[in-house]
Amino acid sequence: MSAAADPSNAALAESLLAFWADAGVDAMLLDEPFDRIEAGKVIPPPRPAAPAPLAAIPAVRKSGPPQPDISTALAQAQAAAAGAHDLEALVAAIAAFEGCPLRYEGAASQAVVYRGDPKAPLMVIGEGPGADEDAMGQPFVGRAGKLLDRMLHAAGLQDRVLITNTVFWRPPGNRTPTPAEQAICAPFLERIIALVRPRMLLLAGGASAKSLLKRDEGILSLRGRWLDWRSADGQLELPAMPTLHPAFLLRQPGAKKRAWQDLLALTERLDRPDGPN
Ligand code: URA
């Protein structure tokens with residue numbers, strides 16, 4: 001049996017591919033496949049035309065109108081968000097918005113805004129859409145989303161939640177959205193919160209927690225604590241619980257216990273008869 005046909009190698013290759021896909025690697029770096037096992041330890045000299053590693057490739061605009069500067073884009077986002085008087089109008093406003101560079105850099109198909117109950121008492125805010133979300137137009141529908149759903153279900157929260165992200169277009173290669181991209185999308189996210197009026201926020205992962213709470217600490221020190229989220233205009237204030245991102249939990253299953261503790265603390269507060277505070 002050849003090495004490639006050996007089922008244990010096939011399973012290993014499949015699990016490695018899943019690992020890299022989770023980590024956001026969805027492109028090959030060489031034009032032609034290169035079998036390093038076949039070639040033994042001999043590493044070929046770098047080919048002049050080989051592309052740079054994914055993380056080092058600056059975002060390249062595929063198309064689209066000239067991009068406004070950040071403050072113009074922010075002002076446009078604020079005006080568009082303020083003009084949306086319900087979620088349906090807001091989704092349409094986001095879909096029409098041309099001021100976020102991610103729309104032209106990472107997204108292959110569409111804006112991804114929210115899924116779940118528009119009157120939910122709990123809002124989960126993740127980082128940004130990935131490939132599955134971009135293809136399906138809904139947040140958290142890939143492997144990480146399936147884990148999130150299982151956790152919400154186990155906590156009895158599956159029908160009491162609206163799920164969204166800090167940005168509404170897929171960042172290229174699933175990289176973390178930049179603070180500027182998050183800032184441009186923030187008026188829309190705040191408008192979702194203002195329209196839904198949840199009683200509390202669950203912030204999934206460091207990129208969400210840092211952006212929403214304006215904190216610098218890492219997620220491992222922020223998670224599991226009740227912190228205050230405030231809207232930019234100071235009109236809205238909500239208790240927010242940062243927690244570990246489900247994609248991180250897929251890579252580090254040993255951390256699931258901590259995320260589960262966070263979810264239980266949140267559920268206990270949500271179910272308190274005297275409200276969230
Ligand atoms: N990860 C996120 O942060 N959001 C999604 O929608 C999917 C994966």
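The figures here come from the full heavy-atom set of this structure, side chains too, leaving out hydrogens, waters and symmetry mates. Residue numbers count from 1 along this sequence. Order of appearance sets the numbers: ligands from 1, and atoms from 1 within every ligand.
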message: Any carboxylate oxygen within less than 4.0 angstrom of a Lys/Arg side-chain nitrogen, looking at D271 and R160?
response: yes
task: List every atom of ligand 1 that sits less than 4.0 Å from any heavy atom of H245, numbering the atoms from 1 in the order shown and giving each element.
output: 1 (N), 2 (C), 3 (O)
statement: Heavy-atom closest pair (T164 atom, F140 atom, distance to 0.1 Å) is O-CE1, 4.3 Å
- request: State the atoms of ligand 1, each with its element, that fall below the 4.0 Å cut-off from a heavy-atom position in G126.
  value: 3 (O)
message: Taking R175 first and then E181, would you say they form a salt bridge - that is, a charged N and a carboxylate O separated by under 4.0 Å?
response: yes
- request: Take every heavy atom of G145, measure it against each atom of ligand 1, and state whether any distance is under 4.0 Å.
  value: no
query: Quick one: does ligand 1 sit under 4.0 Å from the side chain of A144, the backbone, both or neither, non-hydrogen atoms only?
result: neither
statement: Closest non-hydrogen contact found for L189 with T166 is CD2-CA, 4.1 Å
- request: Flag the pair D262 and R223 as a salt bridge only when some basic side-chain nitrogen lies within less than 4.0 angstrom of an acidic carboxylate oxygen.
  value: yes
- request: Could you list the atoms of ligand 1 found under 4.0 angstrom from a heavy atom of E127?
  value: 2 (C), 3 (O)
task: Number the atoms of ligand 1 from 1 as they appear, then name those within less than 4.0 Å of a heavy atom of P139, with their elements.
output: 6 (O)
query: Of all the non-hydrogen atoms in the protein, which one sits nearest to atom 4 (N) of ligand 1, and at what distance?
result: N165 OD1, 2.8 Å
Nearest-contact summary for atom 5 (C) of ligand 1 - protein heavy atom, Å: G128 O, 3.4 Å
task: Identify which one of D149, L202, V124, L270 satisfies the side-chain contact (heavy atoms from CB on, under 4.5 Å) criterion when paired with L157.
output: L270
